[in-house]
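Report on one structure; see the data block that follows.
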Amino acid sequence: MRSGSRTSILLTLALAITALSVSAVPATAVAPPSPANAAAPDGTTPIPTVQGPLASTAESYPFGAADHQEVPQDLSKLGYDEQEYLVSGTSNVYTWPTSGPAQVRTPDAPYTTRVLVRKPAKGQKFSGNVVVEMLNPSNLFDLNIGWAVAHEQIVANGDAWVGITAKPIAVEALKNFDAQRYGSLSFANPLPLSDPRNCGTVAADSSRTTENGLIWDIYSQVGAWLKSNDPANPLRYGSPTTRVEHAYGFGYSQTGGFLVNYINGVHPLVVKSDGKPIYDAYIVAVAGGAFAGAYPMNQCEPAPPADDARRQFKNVGVPIMRMMSQSDYLRGIGARRADSDVPGDRYRHYEMAGAGHATPDELIFSASSADIIAAGRAVPPASCNEGPRSRFPSSIFFNAALRNLDLWVREGIAPPRAEPTLVRDGAPVLDKFGNVQGGLRSPFLDAPTSTWYGTATGASFCFIAGYERPLPQDVIDSLYRNHGSYVKAVKDSVRTLERQSFLTDYDARRLRTEAAQSKTP
């Protein structure tokens, strides 16, 4: 679908999500495939053919590159490099029966997609962890949301981050942005239009000539590449073997729902073929139950119903954290299940009290407005009718979650548990300041100066953006005798949360500093 009017695009987006309850190679060069790129003879996950890293110039650079974000970021100051690759291979298109894992519908469909890699510049700084994200296409272009919400922990720990273009509609945006650099990208439908299995009706952001369902094997193959000794693997750092010890899957909103499909439908197939999983743990963010809790396995079959068992996790075999926001936990309440430390069923469910779903960070740390327009897409609004998108820093939760997930995998240290948001008769139970009770806590609610809302009104994704309303000054004055008493309240909250492992030490320091520098009351 070519970009139309801003209004029609935004309406389509809202309706869609509502319904879903190694030297540089020039961009035009073709790198020869290595022997490892062929299908694995033993039936294990094949390693894709890799071209790159692509050259970056003033005229041609990665869409969403760090130095071309809405707020540019100098990765070199963090000790990090950025590289972009094109990966090609063949992917099965799957169907997903109501019981059991996915089954092949159409085998061996050729694909080419792009992969963005951010990694420590020096191998000795690399932790051995790589966070692999299917880039969110809900705005019809790639958003680097995993990097946006967790890059502080990624950098602090020396992890690598990898983003994969995951949907044909985002490929179209890339080709609009730079036809030469991205001209070879393809999610072509392996079925001709004349084939009755090529359904006549597809979603508004899809096309009969492309196939959304190629992403599942792509996700496996990119993870396998990063764990392989393939010469093109950027995480070898020049050594004969990969430096990757653990790969962690990350998905946010739509791609969080993609992870549900992958974990329950495809992960078991990988374990069967490879003898072990490619991804050693997962963070499924703001996707669950009737809210983006699963997606069509191919573009011709519906998503599993909201109450379908395929939307829930059970005995996956690797740790999973599901993190919902205040914008989506009620519609996603069906995702709730008991936390578990059982070895084959390690699970945590978190509901981030006060946090919005559509955040300012997802815009700040993704492509600039100028590049979004060049890609033929509308720039998502940073403000809604009630004011700017909520500034609530959900990154504090994701930083701690990624750290805790790694400790769970590496050291067997079980992460803390948090009560769900308190709900009665289908509605949240609010405190006297209008904030939710229960959920994953923070000083923003436990030493309040504002009421935090999960939904707003306005264009695009305002209905899940949230906003903030400062408390009346007389209320704040009644809570805090003076500035010192406010700072103490924040410090008390931070101390408790840090001791419980819900905050990293650097986020704890920052929250204390921000409180000290504030003018409250």
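Keep in mind that what you see is a predicted model, and the values were worked out from it rather than measured.
In this view, K488 and D492 satisfy the salt bridge (charged side-chain N to carboxylate O under 4.0 Å, His left out) rule, not counting sequence neighbours. Annotation: side chain to side chain donor-acceptor pair (under 3.5 Å) contacts of Q473 (sequence neighbours excluded): D477. For W161, the side chain to side chain donor-acceptor pair (under 3.5 Å) partners two or more places apart in sequence, or in a different chain, are E133. Listed by chain and number, the residues in a salt bridge (charged side-chain N to carboxylate O under 4.0 Å, His left out) with E70 amount to none (sequence neighbours excluded). S325 meets the side chain to side chain donor-acceptor pair (under 3.5 Å) test with D328; sequence neighbours excluded. E386 is linked by a salt bridge (charged side-chain N to carboxylate O under 4.0 Å, His left out) to nothing, counting only residues two or more places apart in sequence or in another chain. For D361, the salt bridge (charged side-chain N to carboxylate O under 4.0 Å, His left out) criterion is met by no residue, not counting sequence neighbours. A search for side chain to side chain donor-acceptor pair (under 3.5 Å) contacts involving D274 returns T45, not counting sequence neighbours.
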Do any side-chain atoms of residues 407-428 form donor-acceptor pairs under 3.5 angstrom with protein atoms, and if so which ones, sequence neighbours left out?
from	atom 1	to	atom 2	distance (Å)
R410	NE	N129	OD1	3.4
R410	NE	D406	OD1	3.0
R410	NH1	E245	OE1	2.8
R410	NH2	S127	O	3.3
R410	NH2	N129	OD1	2.8
R410	NH2	E245	OE1	2.8
R410	NH2	H246	ND1	3.4
R417	NH2	D341	OD2	3.0
T421	OG1	E351	OE1	3.1

Return all side-chain donor-acceptor pairs below 3.5 angstrom for residues 392-401, not counting sequence neighbours, or 'none' if the list is empty.
from	atom 1	to	atom 2	distance (Å)
N399	OD1	Q153	N	3.3
N399	ND2	E152	OE1	2.9
N399	ND2	S395	O	3.2
N399	ND2	D507	OD2	3.0

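Applying the salt bridge (charged side-chain N to carboxylate O under 4.0 Å, His left out) test to residues at least two apart or on different chains, the pairs with a partner in residues 286-309 are D308-R310. Applying the side-chain hydrogen bond (donor to acceptor under 3.5 Å, both in side chains) test to residues at least two apart or on different chains, the pairs with a partner in residues 140-151 are Q73-W147, R114-D142, D142-T165.
There is no side-chain donor-acceptor pair under 3.5 Å between N404 and S501. Between the side chains of Y467 and N385, no donor N or O sits under 3.5 Å from an acceptor N or O.
Ring geometry, F250 versus Y252: the interplanar angle falls under 30°, so the pair is classed parallel (tilted spans 30 to 60°). Between W452 and F444, the angle of the ring planes goes over 60°, which puts this pair in the perpendicular group of the 30/60° scheme.
Electrostatic pairing of E211 and R105 does not count as a salt bridge here, judged by no charged N lying under 4.0 Å from a carboxylate O. Look at K491 and E498 and you find no salt bridge, because none of the NZ, NE, NH1 or NH2 atoms lies under 4.0 Å from a carboxylate O.
With D205 as reference, K167 is the one residue of K167, E172, Q299 to meet the side-chain contact (heavy atoms from CB on, under 4.5 Å) rule.
Looking at heavy atoms from C-beta onward, V318 lies out of side-chain contact with Y279 at the 4.5 angstrom threshold.
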